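Following: one structure in structure tokens, then a few remarks.
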Amino acid sequence: MQKKFLNKYNEIILKNLSSKKPFLNDEFEQALKYRLKSGLSSMDDFYKAIESNFRIEKTQKDRYIGYFCSIVPEELLIACCLKPVRLCCEEYAWTNAGEEILPGDICPVIKSICGKFYNNVYDYLDLVIVPGTCDPKTKLAELLSPVKEIYFLDPGRNSDYLDNVDKWTALYTKFFEFLKQKFQCNAGRKQLLNACKLTNKRTEIFKKIYELRIKSPDVINAFDYYVMIYVSFFMDIEQWNNMAEKVYDEAKEKHSLSKKPKILLAGSPVIFPNFKILDVLQQAELEISSDIQCTSFGRFYNPVVIDEDTESGIIRALTLKNIAGSICPCLLNLEKMVNLIIDTVNQYKLDGVVYYNLRLCQVFETQTTVIRQVLKENKIPFLSVKSDFGKEDIGQLKTRFEAFREIIQSGKE
Amino acid sequence: MNKISISRRIVQVICLILLVYGGYIFKDWKQSAEAQKQSIFPSLNAPEGSISTTKFEKGSILWPSGATPVIENYPPTLVCRFNPNGGMFKACILHFFSENLTWRTSIKYLLPYITLFVLLCFLFGRAWCGWVCPIGTVGDFLTFLRRKMNIPVKRFPANFRMNLSFTGYVLMVIALTISTLIGMPNLARYQCYWFLPYCQICPARLICPMFGLIKPNWKDFSTGITTTFTILAWIVLGFFIAAFYWGRRVWCHMCPVGLINSWFNKGCGIELHKKAVKCIKCGYCADVCPMGLTKMYEIDKDTIYNQTGCIMCMRCIEVCPRKGCLSVKFFGKKFFLRRKTDAEKVSQQVQ
Amino acid sequence: MKKFIFLLFLCGCSFLFCSEKIDISFEYPDINGDFYVSGTAFFPPSSVFSSDHILVMDMATKKEVPSKITVSEKWPDGSILSAEIIFPANTSKKIHYAIFYGNEIKRSKIFSEPAVLPTVDFFTGGTGRTAENIDVNVGQINVRVDKSISIRYWWYVLPLLVLIFLTVYRSLTINRRHKSE
Amino acid sequence: MLKAGIDIGSVMTKCVIVRDETVIARAIGRSGTMPEIIAEKVLKEALSQAELDYSDLDKIVSTGYGRHIFSKAHFTITEISAVAKAVFHIMKTGCLIIDVGGQDTKTIEIDGSGEIVDFLMNDKCAAGTGRFLEMMAGVLETDIYGLGKLALQADKPVLLNATCSVFAESEVVSLIAHNEKKENIAAGLFNAIASRIATMMAHFNKNVPVVFCGGGANIPALKNSIEKISNRKLEIPEYPQFLVAFGSALTF
């Protein structure tokens, strides 16, 4: 069994940091106003799903497992008939709640997660899987261990396939055994195959949407796209596939009218309530047509390719998809990121790259210098922007984005 | 199953049926004696009175079916004289070399055969192993069985594969030297036992007759030499089955015909290209390669990654999630064995 | 893998002592008790050089049977061409005999003056043919009758060399051939 | 072709009237809490200087932080492209522009054809901007230009390591308490700002002329300390503060 981290001190921590009054985040209702912008009628059930997400009652039968990065294999959870819920959240209100527990200068995502856990928003979770990708996340495991049972998944920092694939397979098999033993379900090869089929279907749908958005970005605008991504965090996969399929079918016929410059949004992920970047980009008439972020592209683009359909073969294919194929900057992935950016821009003839750094998240920021120099070499306009969840620097962001647009447009003539 | 492997499996099955049951299917096509004379390929048979002819009575160890093949020629794949009813082609290239070394036929009669062999290898390189070889198809079926029985694959390190190819070369050299030795007059009397040494221990000798449901002569313990050959044949057959059962295509590292093909792999018509910019190092290609090669994963610049071990099964191209990263060209012209998925169609209009 | 090669080598060396076998078959006479079986056996050239390299073995019990062997003709290179072989047999036991010859065979049981017993003729190789037309495998005679016009074949050297050159050239220029679209 | 460029900065609002790419009138005013009215006043002042009437203007271009507030403007453009246009119009070669404004410092690199290659803005932190200098001048009881004169006579500049303007103020106060000479403190201030700007300059092309513009360019002491620390020659065009407004008028 996974040993708890702070066995001795759990009670002390819980007593002192016991849950305060639950934070009312009005910011959430305010965020739903994006609903009016979306032209597609089939997007409504996605927005409805968001509201329902905040009232998940713990039903007896299905168990919810919280996890964070796309390093964690969803297929194993689905195979054990558990409900995976992704907990990465970027809400300004919750970061303030988190600041009561953690000191100020810590990655805002970690603060908002701690805020949520210590204000028992996530009571319905049975287990939380924390990957050891970046440093604050490893500390998060210890932070959350008083509140919830934690399983710590540590893939190591090297994403090279040849040296580490056996290590990863052992890691995933141990994780799978732990899940089966904890939840007493005998998931075998058949369940794994079904789970992989589901995720592959999701990948197929995502690719269609991803390519359609590049062709005509304003048909499925950026807000709808990121809302769909956010809904896939907690919604059941089949349900999500059908809804997304409907959105794609509806959007297929429409054609794009916008002549705005097409932007590739790279860097740290944009998750539902924190749509500040999308707002400002839209005001600056820049069209986000594609993105390389771990919550959306990194998680959905690579299918699980099963060549060896034995049980260990499937688990090995999963490690390839989730760790070797991941674009998380916490692993040694800089060359892969730069390749991806250059290739996506050249292949789809985009106009520029906006690199969104989350303030206080050093992992993304250190990459900007290399990416800046390489893109300058390849004559691709590049703008790196550092910002937080708060709304105070919208003015500065707008000047940057408008200047960037002017650079692109003058570059075009 | 993606599109490339569907077309590959179809080709494999068709070739299996053709090469093994060719003898029955094309019975009336068999070349009559005088047609043999006009054909550009001279008829190669043993010099008069040589001992090896006596060995060829029907049912003997080297000629179980006793029928003549449809085409008296030697393709660059492991097809055997032990096929039921003579099979489609006479035999594999190693049989051709050891036979003619024993009979000491002059080079000029061998030239047409060698030229045809080199031409076929130059066009398709080792694709013969991946797409045509019936023994490989049998092996793939064994791998398919293992997967269905949920037995995990055994992956071998690179140096193990080096040793295997080394053994393959050693076997080939021993076989060819023996066949030249017994060609000499004063050693001629050994021909009856030592003729075609490699064929006697090759797994195909025991597998091919099984297709025709005729009993391969499993054991021949009459003299010291034949017992040794049978024991060796059993050991090699056991290794063949174990190799295909636990590892994928391990036998192909050792099979001499494949080794001869692999000399043409780098320069052959089929070129496997990689665009390093598109690669995100996800490792799918190296994981899926039945021969366990990793060059297509490691190279960082835009090159052709043909290598001698590759049997051109194109699983890596089919499996790569990044469109356009790995591609295959035939003498420079791009060709797609697979239909485009609709996601690719949408992106096609984007360009 | 070294073990595998060593295994092959081990089996290989069992070939050093090479011995040959000729089967003997004959019809049992209608007498009973002991009788002699006599006949001439023919050997391929340079296979056995002296009569004590030949022995007669009773195949059922794998034991040697005493035999009297006299060399009648020799090959030009001194090896025995044919030899007269007599050995006792008994009608009560239906036994299958075989002559073994080879330089590692040692004959141990010899008897010289034959008792007066009825003799039966045997023939070798089980081919059932009479003694006159035993076809002797005289080994390979390297004669080749030229049936086709020889010039036509030498032209194949050209395409062969072109193909080999092309393969080597293409394999050396493997990088340049990758044209990026 | 009469054009007016209005740069509604966070500290000062500047207006320029341009006829056929030559400046005929300039006006400046402190933009307090009501930038809309201030911009109106400054525009009228510039027009009266050039004895023109409002109706003669063909184009009005607004730039700077308050560009969206000024309703009368026909076009808006960011100050980054504006200053790049102006400097290219003057220098005609690729160069590196340093703009020390009221609320931010910008370093912009333009290539030979006037295209902006890359730009860096330091607007999240007040250190090294006009606002910071005003605060420090207040502490030393002079105005910005007085601070500049003081810094020139300094013999041994003090090393100020506070990067954040709030802590810098407390550090200056404590230095005065240790009766450090005002000239040295002023020089130390300018060195602190110069080193920040020098690190920003390091990101860009090294062998290109450097142009210093914006409000900070009027202080010779700042120019000397930047030249000393980054050992690169700085050129200052005349009326550096009006360059942004001039550039915005040129673009349309």
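Below, chains carry the letters A, B, ... as their sequence lines are ordered, and counting in each starts from 1. Note that the coordinates shown come from a computational prediction; the quantities given were computed from them, not determined experimentally.
- Along residues 370-381 of chain A, the residues that come nearer than 4.5 angstrom to chain D, judged on non-hydrogen atoms, are A/Arg372, A/Lys376 in order of number.
- For NZ of D/Lys85, the number of neighbouring non-hydrogen atoms (other residues, nucleotides, ligands) closer than 6.0 Å is 12 at most.
- For chain A, the option among D/His203, D/His68, D/Arg67 with the highest count of heavy-atom pairs below 4.5 Å is D/Arg67.
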Which is it for D/Phe190 and D/Ile219 under the side chain to side chain contact (heavy atoms under 4.5 Å, CB included) test, yes or no, and what are the steps along the way?
CA-CA 10 Å; D/Phe190 284 117; D/Ile219 311 159; 3.8 Å; yes
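- Between A/Phe68 and A/Ile113 there is a side-chain heavy-atom pair separated by less than 4.5 Å.
- For residues 11-22 of chain D, the salt bridge (Lys or Arg N to Asp or Glu O under 4.0 Å) pairs, not counting sequence neighbours, are D/Asp7-D/Lys14.
- Interface remark: D/Ile116 contributes backbone and side-chain atoms alike to the contact with chain A (heavy atom separation under 4.5 Å).
- Ion pairing between A/Arg405 and A/Asp351 fails under the 4.0 Å rule for side-chain N and carboxylate O.
- The side-chain contact (heavy atoms from CB on, under 4.5 Å) test with A/Tyr355 singles out one residue from A/Leu383, A/Val385, A/Thr368, and that residue is A/Thr368.
- No other option in D/Ile80, D/Thr251, D/Asp118 has as many heavy-atom pairs under 4.5 Å with chain A as D/Asp118.
- With a 4.5 angstrom heavy-atom cutoff, D/Ile77 touches chain A via backbone and side-chain atoms both.
- For D/Phe204, the CZ atom counts as densely surrounded, since its 6.0 Å shell holds more than 12 non-hydrogen atoms of other residues, nucleotides or ligands.
- A/Phe223 and A/Tyr226 have their aromatic ring centers separated by at least 6.0 angstrom.
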